[in-house]
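The block underneath contains the structure these notes are about, expressed in structure tokens.
Because the structure is predicted, anything quoted here is derived from the model rather than measured.
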Amino acid sequence: MELTVLVVPECPHAAPLGERLALALQGRDDVTVTWREVADPEQAERLGMHGSPTLLVDGADPFARPGQEPSLSCRVGGLPSVERLREVVAGADPA
């Protein structure tokens, strides 16, 4: 499984998300996490960024609101909890 974290430069929420991801992924050696800095709106749209930080699970943002447009901005609504991150990663496991 591939997780990609999209962040704007100097995002204040990047470190807390990193800490939560580390806890959520403890004991999982089947997950790769890539961090990618996004600096322009076109790149944000192309990558599917819905605010910083955006977590993509196998290329999709499980936390995006329906119909939410890509955006080079701060993520609204706070960060997912460790428990929610575990649920999302577990739900993405192949059957």
Side-chain angles (χ1 to χ4, degrees):
M1 173 184 313
E2 176 70 30
L3 302 183
T4 304
V5 181
L6 305 175
V7 296
V8 296
E10 299 182 32
C11 175
H13 303 295
L17 179 62
E19 293 166 7
R20 292 178 188 190
L21 271 175
L23 291 171
L25 298 175
Q26 283 181 336
R28 301 277 313 240
D29 59 0
D30 61 330
V31 179
T32 302
V33 180
T34 303
W35 289 76
R36 188 161 180 186
E37 194 170 278
V38 179
D40 66 68
E42 293 80 18
Q43 187 181 26
E45 184 173 351
R46 187 174 61 255
L47 295 172
M49 182 178 203
H50 298 104
S52 182
T54 291
L55 175 65
L56 302 177
V57 179
D58 291 332
D61 182 354
F63 301 105
R65 294 183 314 272
Q68 183 178 5
E69 295 292 322
S71 172
L72 184 68
S73 62
C74 281
R75 185 91 182 199
V76 177
L79 298 174
S81 67
V82 172
E83 293 76 21
R84 185 69 183 115
L85 290 168
R86 284 185 184 133
E87 290 171 2
V88 165
V89 170
D93 283 344

Within a strict 4.5 Å, meaning less than it, do heavy atoms of the [X] and [Y] side chains meet?
X   : Y   : answer
L25 : V33 : yes
V89 : L3  : yes
T4  : V57 : no
Q43 : R36 : yes
S52 : C74 : no

### Message
Show the nearest heavy-atom pair for residues A44 and P70, with the distance to one decimal.
### Response
O-CB, 3.9 Å
### Summary
Heavy-atom nearest pair, A60 first then P62, reads O-CD, 3.1 Å
#### Entry: Co-members of the apolar cluster containing V82 [side chain, <4.5 Å]
L23
### Task
Share the residues that join L72 in a hydrophobic cluster, the rule being Ile, Leu, Val, Met, Phe, Trp or Tyr side chains under 4.5 Å apart at the heavy-atom level.
L6, V8, V38, L47, M49, L56
### Query
For T54 and R75, what are the C-alpha separation, side-chain angles and deciding distance, and is it a side chain to side chain donor-acceptor pair (under 3.5 Å)?
CA-CA 7 Å; T54 291; R75 185 91 182 199; 3.3 Å; yes
### Message
What's the separation between atom CG in L55 and atom CH2 in W35, rounded to the nearest 0.5 Å?
### Response
8.5 Å
## Note on the structure
The reported gap from CG in D30 to CE in M1 (rounded to nearest 0.5 angstrom) is 6.0 Å
### Task
Decide side chain to side chain contact (heavy atoms under 4.5 Å, CB included) for F63 and H50; before the verdict, give the C-alpha distance in whole Å, the side-chain angles of both, and the deciding distance to 0.1 Å.
CA-CA 9 Å; F63 301 105; H50 298 104; over 6 Å; no
May I have the list of side-chain donor-acceptor pairs in residues 14-22 shorter than 3.5 Å, sequence neighbours left out?
| unit_1 | atom_1 | unit_2 | atom_2 | d |
| --- | --- | --- | --- | --- |
| R20 | NH1 | L79 | O | 3.2 |
| R20 | NH1 | P80 | O | 3.0 |

### Message
More than 12 heavy atoms of other residues, nucleotides or ligands under 6.0 Å from CD of Q68: yes or no?
### Response
yes
